[in-house]
Amino acid sequence: MSVRRGDVLIVGLVLCLALFLLLITPGLITGAASSQKVFVIQTDTGIIRVEPGVDRQVTVMGTNGSAVIEVSGDRARIVESPCPHEAWHQGWISRPGEIKACLPNRVILKIEGSDNGLNLDGVTR
Amino acid sequence: MALSKRRLGTIIIALALVASAMFYPGSYRAVQGRIEYAFFKTTETQFIAGTYFHISATGFRSQAAVDAAFAEINRLNELWDDALPGSDINRLEQQAGSAPVRVAPETIILIKAAKGLSAATGGAFDITVGPLVSLWGFDHGEDHSVWEDHSPPDQDTIADLLASGVVDYRQAVVDEETQTVFLTQEGMSLAVGGIAKGMMVDTAMDILDAFGVKSAIVDGGGDIAMLGAKPGKEGWRLGIRHPRNDGILGVIESDGGAIATSGDYERYFSHQGQRYHHLLDPVSGQPATELAQVTIYIEIETALSFWPEGWPTALADALATGAFIMGPDGGMELIQSLAGVEAVFVTTDGAVLMSAGFENMEGGP
């Protein structure tokens, strides 16, 4: 059975369509933000994205002074920040949608993306 | 060029394969959602009104919509920031006991709605609680250093303040015809924190809707409104924080509506082993003691006699405060009487109470 050029063209178009659908699947072209967790540190001066997996400390400058964010395994926390109102920013976060904020220093630590856990889009507090 | 039967057959089979994949139950929506999510999603977070506002919107004009929403949130903040000279709230407080003040239409809505909820909660929610909040030291905004070695005010001072009549929502007189508000007692001040944040969220959501956004979530410091479902999903998954640890108390999934929480962990200080928080009972002058957290969820807004339509997040926000102060019995009784309103209470001894319609909440880890 011979294969005609038109058949190849059709198969090619179908494959292109399939590839397009595959590419727009979250996680392939939208990157880590939607396929897996990423820690996002936001200040007035910018946004830093930190991949989980490598333990590290990140220091950023808030409006009242420096803040230290610790990433350990799949969780992160604000270790230091001039923010006497402790309840807002203390403790670890590990799930997408969770946020810790030292508001006086205008530093936000949040998690974007999804994982196999609760897959939260937000947390009411 | 005429198509041969064979080529026609190939085309039909190919299209059938693609169509069956796309229209397989759930696939079409998932594919559409993925396309929109990949190419037309805008996410932004800003610090406003002493908290964060996070907007995630998906649609062809999502960037313009989010920009407009943030501009409006900032405009409202300039109206309602009492520390800002010239703001509506600041001018009202400056003229307390002297003269009515002409204010923006949004401020009329805010104060009228707050008064309506005050009446519905028997005064538990009271926007004129400002002087009491100041007496306790909870009005220092972002300057929390004042709470170190802080102690509660003595009972006589609280009693004198309450007896002076400055904490009474009925003394905030709204005149819609002249678009004025009059705080009739000198020394009155407004605590709009329990309602303004929700109104900012609702306003932002209205703007996103007007721009044709079909899927969005607006989070104003934990007061959250949802529009449509998350692209490619059945809804949005929202966690309710646990009042005493970093965990999640429960999860709800919704494709619209609003949710807000009040808790004794938001602003508080400890003195001699006791926690004193900012959710003050306008009658006793003391922090309400029976509950640790109240979450209000409004899936579908229904008409309520005491509340203007179109402000579901503000209602959730204010009801959370009101129910918290009313306590588990009175608060739950009120919630159960309101159509379309559901609640989760956590008592200070850890018991979780849910309204009848909240059965579908998933338990947290």
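Predicted, not measured: the structure shown is a model, and the values here were computed from it. Sequence lines set the chain letters: A, B, ... in the order given, protein chains first and strands last, and positions in each chain run from 1.
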Next on the checklist: Please determine whether side chain to side chain donor-acceptor pair (under 3.5 Å) holds for the pair Ser262(B) and Thr321(B), giving the CA-CA distance in whole Å, both sets of side-chain angles, and the decisive distance to 0.1 Å.
Outcome noted: CA-CA 6 Å; Ser262(B) 283; Thr321(B) 302; 3.2 Å; yes
Checklist entry - Using non-hydrogen atoms only, which part of Ile224(B) is less than 4.5 Å away from chain A: side chain, backbone, both, or neither? => result side chain
Next on the checklist: I'd like to know if Asp317(B) and Lys197(B) make a salt bridge, using a cut-off of under 4.0 Å between side-chain N and carboxylate O.
Outcome noted: no
Item to check | chain A contact via Thr295(B) - side chain, backbone, both or neither, heavy atoms under 4.5 Å | outcome: side chain
Checklist outcome for this item: With chain A, the option among Ile259(B), Thr43(B), Ile217(B), Asp223(B) that has the most non-hydrogen atom pairs under 4.5 Å is Ile259(B)
Checklist entry - Is Lys233(B) salt-bridged to Glu253(B), going by a charged N under 4.0 Å from an acidic O? => result no
Checklist entry - Can Lys110(A) and Gln42(A) be said to form a side chain to side chain contact (heavy atoms under 4.5 Å, CB included), step by step? => result CA-CA 8 Å; Lys110(A) 61 185 177 181; Gln42(A) 179 171 342; 3.9 Å; yes
